[in-house]
Enquirer: 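Shown below is the structure under consideration.
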Amino acid sequence: MAEYISVSKISNYVEKEVTIKGWVYNRTDKGKLVFLLVRDGSGFVQCVAFKGDLDPEVFDRVMRLPQESSVIITGSVREDKRAPGIPGGYEVGVKQIEIVQEAGLDYPMSLKDHGPDFALDNRHLWIRMQSQWAILRVRATVMAATREWLDNNGFIAMDTPILTPAAAEGTTTLFETEYFDEGKAYLAQTGQLYNEANIFAFGKVYCFGPTFRAEKSKTRRHLTEFWMLEPEIAFCDLDGLMEVEEQMLTHIIQRVLRERLPELKSLGRDISKLEKIVAPFPRIFYDDAAKMIAELREKETDPEKKELLAFEWGMDFGAPHETAITSQFETPVFVYGYPSAVKAFYMEPWPGRPEVCKSVDLLAPEGYGEICGGSERISDHDALLARIRKEKLPEDAFKWYLELRKYGSVPHSGFGMGIERVTSWICGIEHIREAIAFPRTIKRVYP
RNA sequence: UCCUUGCUAGCUCAAUUGGCAGAGCGAGCGGCUGUUAACCGCUAGGUUCUAGGUUCAAGUCCUAGGCAAGGAGCCA
């Protein structure tokens, strides 16, 4: 009886007889032999069936086997440099094949290119394609590595609510729902405020879950539902926060490089660029970043690009500005000390410079832009209350949040990291929608 | 919300100045013992997004609408 194995482990079974269960990804028939590229979820492997080795009727069926047919194949593993697949370099000589289901001939996802509309309408099938499979495997490892680093560094996983009574950062971008007799509830766009409560009980915490933004953003960097990691740390200032971010991200990259190299290579990712991502990352004050942009604008010869780089102190950075800054570096870059006016109400003012706050964005290289946003939070009760009133936020809703500043308040900091953005950058893909299994965008809730 | 672009075979796209609706992939049939998104031969496959309009003639021009994408703003 042959051992049932997963394709990812195939290198351990050379010259042995094995059984694999999977789906026909591609078929090439050559008359008296057939190549089946079979995927089993863990990898892709080439199976070769020779006419003489199989019952003529079975061979005839194999030769016509439609793409996506489900099969159970038993055969012997051999090394062969010619064999495609992931990991590749191994193939199975078919001795027995059970066709579990012959797939319909009208399978719409051919292995050629597809437009975004068609691909997204068929997302339930598109995820079977090698590129999408590879991206989503990387995503899973990004998530696992993130949790691993935090769990090993004293952080406690806390789940924050998804149904919330009020907005942290204004109500215009919230999804709204009826909540029994309590009026409106909103889908959370951050767990931060709850995490600020959690740190006074647990010290260092994180939440990791879906967040929802009803922003009418239609760009390759936006989803309406995305997964965000949010660590929050008591007794931590802005410098300490940046250290956590760069250490964690370095760990994530290292583990992905260790465990998902075949996937990254299959995506055509330039691995050497990822190998350079090691802490510490450069830290640039907002004022200096603004100067850097001015200098880069001066050097820019293309008038169109020059126009896009127009900038005045006090503005938040747009995508062209972020790209200009990050193009100067090979690792992600911290930009800190943004003007308070463009940032959220809860950010601690810079000592001696009240127009600036202790905020920090982490910008990924190669044009991927902001992947983390964080800050030191206001720890003084009256200062926070003044900000809430200035922003005309509902004071009642923030009663509990203000109370945190009355009973043992301490300097504390936290940040949010967008999992799909990090995954997109690591994979080097064009669009964030491919970094989540079933993307939700402003124009799409199907499938 | 605004700006730009696109919509032709199942998919990706072509169609010159307004003048016979085309190709590759996919599908079917046939061939091939090493293919890498194989290749070669043959076959089938069309309400050119919708509704009007101009014209001898509209995929192409005009009007209105629909859908999608990219970008801006906002953000992770």
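The sequence lines fix the lettering, A, B, ..., with proteins before strands; numbering per chain opens at 1.
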Enquirer: Rounded to the nearest Å, what distance is computed from the CE atom of residue A:M129 to the C1' atom of nucleotide B:rA37?
Expert: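 Roughly 8 Å, once rounded to whole Å.
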Enquirer: Does a side-chain N or O of A:K112 approach OP1 or OP2 of B:rC25 to a distance below 4.0 Å, or not?
Expert: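 False: A:K112 side-chain N/O out of range (4.0 Å or more) of B:rC25 OP1/OP2.
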Enquirer: For B:rG70, take OP1 and OP2 only and decide whether either is under 4.0 Å from a side-chain N or O of A:H431.
Expert: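 So the side chain of A:H431 is within the cut-off, an N or O lying under 4.0 Å from OP1 or OP2 of B:rG70.
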Enquirer: Counting side-chain heavy atoms from C-beta on, which of B:rU1, B:rA72, B:rC74 comes nearest to A:K216?
Expert: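 Taking heavy atoms from C-beta onward, the closest nucleotide is B:rU1.
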Enquirer: Among B:rC74, B:rG10, B:rG34, which nucleotide sits nearest the side chain of A:E215?
Expert: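 Of all the options, the side chain of A:E215 is nearest to B:rC74.
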Enquirer: Strictly by salt bridge (Lys or Arg N to Asp or Glu O under 4.0 Å), give each pair with a member in residues 30-39 of chain A just once, sequence neighbours left out.
Expert: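 Checked against salt bridge (Lys or Arg N to Asp or Glu O under 4.0 Å) - neighbours excluded - the pairs reaching residues 30-39 of chain A are A:R39-A:E68.
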Enquirer: Would you mind telling me which residue lines up with the more 5' stretch of RNA chain B, A:C372 or A:D117, judged by nearest nucleotide?
Expert: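 In this pair, the answer is A:D117.
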Enquirer: Heavy atoms from C-beta onward define the side chain here; which of B:rG31, B:rU35, B:rG70 lies closest to that of A:D29?
Expert: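 Taking heavy atoms from C-beta onward, the closest nucleotide is B:rG31.
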Enquirer: Is the base of B:rG70 touched by the side chain of A:E430 through a donor-acceptor pair closer than 3.5 angstrom?
Expert: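 No.
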Enquirer: Both A:T224 and A:H321 contact RNA chain B. Which one's nearest nucleotide lies toward the 5' end?
Expert: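 So the residue in question is A:H321.
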Enquirer: If you look at every strand shown and take non-hydrogen atoms under 4.0 Å, does A:L229 touch a base, only sugar-phosphate, or nothing?
Expert: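 Counting heavy atoms under 4.0 Å across all strands, no contact is made by A:L229.
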Enquirer: What is the nucleic acid contact for A:I419, judged by heavy atoms within less than 4.0 Å: base, sugar-phosphate only, or nothing?
Expert: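 It contacts nothing in the nucleic acid.
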Enquirer: Just how far, in rounded Å, is C1' of B:rA9 from CG of A:D106?
Expert: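 So the CG-C1' distance, A:D106 to B:rA9, works out to 15 Å.
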Enquirer: Flag the pair A:R283 and A:D239 as a salt bridge only when some basic side-chain nitrogen lies within less than 4.0 angstrom of an acidic carboxylate oxygen.
Expert: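 A salt bridge links A:R283 with A:D239.
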Enquirer: Any strand counts, and the cut-off is 3.5 Å on both contacts for Watson-Crick or G-U wobble. Which nucleotide pairs with B:rA64?
Expert: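 B:rU50 - that is the nucleotide pairing with B:rA64, both distances being under 3.5 Å.
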Enquirer: Tell me which nucleotide among B:rU35, B:rU1, B:rA76 gets nearest to the side chain of A:R213.
Expert: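 Looking only at heavy atoms from C-beta outward on A:R213, the closest nucleotide is B:rA76.
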Enquirer: Is it true that A:D55 and A:R61 have a side-chain N and a carboxylate O under 4.0 angstrom from each other?
Expert: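 No, A:D55 and A:R61 are not salt-bridged.
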Enquirer: Answer yes if the side chains of A:E434 and A:Q132 hold a donor-acceptor pair under 3.5 Å, and no otherwise.
Expert: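 A:Q132 and A:E434 do have a side-chain donor-acceptor pair below 3.5 Å.
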Enquirer: For B:rA21, which nucleotide in any strand shown is its Watson-Crick or wobble partner with both distances under 3.5 Å?
Expert: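 By the stated definition (distances under 3.5 Å), nothing pairs with B:rA21.
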Enquirer: Choose from B:rA76, B:rC11, B:rU33 the nucleotide whose nearest atom is closest to any side-chain atom of A:I432.
Expert: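 Given the options B:rA76, B:rC11, B:rU33, the side chain of A:I432 is closest to B:rA76.
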Enquirer: Does B:rC2 pair with anything, Watson-Crick or G-U wobble, both distances under 3.5 Å, and if so, with which nucleotide?
Expert: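 Looking at the geometry, B:rC2 pairs with B:rG71.
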Enquirer: Looking only at atom P, what distance separates B:rG26 and B:rC11, rounded to whole Å?
Expert: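 Those two atoms are separated by 15 Å.
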Enquirer: Could one point to a donor on the side chain of A:S217 or the base of B:rG73 with an acceptor on the other under 3.5 Å away?
Expert: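 Result: at least one qualifying N/O pair found.
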Enquirer: Name the closest nucleotide to the A:K32 side chain, picking from B:rU33, B:rA69, B:rA76.
Expert: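 Given the options B:rU33, B:rA69, B:rA76, the side chain of A:K32 is closest to B:rU33.
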Enquirer: Over how many whole Å does the gap from A:E232 atom CD to B:rA76 atom C1' extend?
Expert: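 Taking atom C1' of B:rA76 as the reference, CD of A:E232 is at 15 Å.
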Enquirer: Could you tell me whether A:R78 and A:D80 make a salt bridge, using a distance below 4.0 angstrom between a side-chain N and a carboxylate O?
Expert: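 No, no charged N to carboxylate O under 4.0 Å.
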Enquirer: Watson-Crick or G-U wobble partner for B:rC42, using a 3.5 Å limit on both distances?
Expert: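 When the pairing criteria are applied, B:rG28 turns out to be the nucleotide that pairs with B:rC42.
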Enquirer: A:L105 side chain: which of B:rA76, B:rU12, B:rG28 is closest?
Expert: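 The nucleotide sitting nearest to the side chain is B:rG28.
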Enquirer: Would you indicate what A:Q46 reaches in the nucleic acid, counting non-hydrogen atoms under 4.0 angstrom: base, sugar-phosphate, or nothing?
Expert: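 Base, at least one base atom sits under 4.0 Å.
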Enquirer: Give the nucleotide from the list B:rA76, B:rA69, B:rG34 with an atom nearest to the side chain of A:R82.
Expert: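 The closest nucleotide is B:rG34.
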Enquirer: Of all the nucleotides listed (B:rU33, B:rA68, B:rU35), which has the minimum atom distance to the side chain of A:F35?
Expert: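 That would be B:rU35.
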Enquirer: Base, sugar-phosphate or nothing for A:R220? Non-hydrogen atoms, less than 4.0 Å.
Expert: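 Contact class for A:R220: sugar-phosphate only.
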Enquirer: For B:rU16, which nucleotide in any strand shown is its Watson-Crick or wobble partner with both distances under 3.5 Å?
Expert: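 Across all strands, not a single nucleotide pairs with B:rU16.
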Enquirer: Which is true for A:G115 with a 4.0 Å heavy-atom rule: it touches a base, it touches only sugar-phosphate, or it touches nothing?
Expert: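 Result for A:G115 = sugar-phosphate.
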Enquirer: Looking at the side chain of A:R444, which of B:rA68, B:rG71, B:rG34 is the nearest nucleotide?
Expert: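 Of B:rA68, B:rG71, B:rG34, B:rA68 is nearest to the side chain of A:R444.
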Enquirer: Taking donor-acceptor contacts at under 3.5 Å, does the side chain of A:K218 reach the base of B:rA69?
Expert: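 Check passes, donor-acceptor contact within cut-off.
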Enquirer: Salt-bridged, A:D40 to A:K9, with N to O below 4.0 Å?
Expert: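 Salt bridge between A:D40 and A:K9, a charged N being under 4.0 Å from a carboxylate O: no.
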Enquirer: Testing the 3.5 Å rule here: is there a donor-acceptor pair between the side chains of A:E196 and A:Y346?
Expert: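 No pair is found: no donor N or O on one side chain lies under 3.5 Å from an acceptor on the other.
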Enquirer: Could you check whether A:E91 gets within reach of a base, just the sugar-phosphate, or nothing at all, counting any heavy atom under 4.0 Å?
Expert: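 The answer is base, as A:E91 lies within the cut-off (heavy atoms under 4.0 Å) of a base atom.
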Enquirer: Figure out the CZ/P separation between A:F59 and B:rC32, and round it to whole Å.
Expert: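 These atoms are roughly 11 Å apart.
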Enquirer: Just wondering, are more than 12 heavy atoms of other shown residues or ligands nearer than 6.0 Å to NZ in A:K265?
Expert: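 Check fails, neighbour count at 12 or below.
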Enquirer: Indicate, with a heavy-atom threshold strictly under 4.0 Å, whether A:M417 touches base, sugar-phosphate, or nothing.
Expert: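 No contact.
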Enquirer: Determine whether the side chains of A:Y206 and A:D151 contain a donor N or O and an acceptor N or O closer than 3.5 Å.
Expert: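 There is such a pair between these side chains.
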Enquirer: Whether the side chain of A:H114 and the base of B:rC11 hold a donor-acceptor pair under 3.5 Å is what I'd like checked.
Expert: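 It does not, because no donor-acceptor pair links the side chain of A:H114 to the base of B:rC11 below 3.5 Å.
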Enquirer: Could you tell me whether A:R64 contacts a base, only the sugar-phosphate backbone, or nothing, with contacts defined as non-hydrogen atoms closer than 4.0 Å?
Expert: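 Contact class for A:R64: sugar-phosphate only.
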Enquirer: Contact class for A:Y107 (heavy atom, under 4.0 Å): base, sugar-phosphate, or nothing?
Expert: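 Touches nothing.
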Enquirer: Write down the distance between CZ (A:F118) and C1' (B:rC49), rounded to a whole number of angstrom.
Expert: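 After rounding, the reported distance stands at 17 Å.
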Enquirer: Find the distance A:N122:CG to B:rG10:C1' and express it as a whole number of Å.
Expert: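 Going from A:N122 (CG) to B:rG10 (C1'), I get 10 Å.
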Enquirer: Taking CD from A:E307 and P from B:rG71, how many angstroms apart are they, rounded to a whole number?
Expert: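 It works out to 19 Å between those atoms.
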Enquirer: Round to the nearest Å and state the distance from A:L120 atom CG to B:rG70 atom C1'.
Expert: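 Taking CG of A:L120 and C1' of B:rG70, I get 14 Å after rounding.
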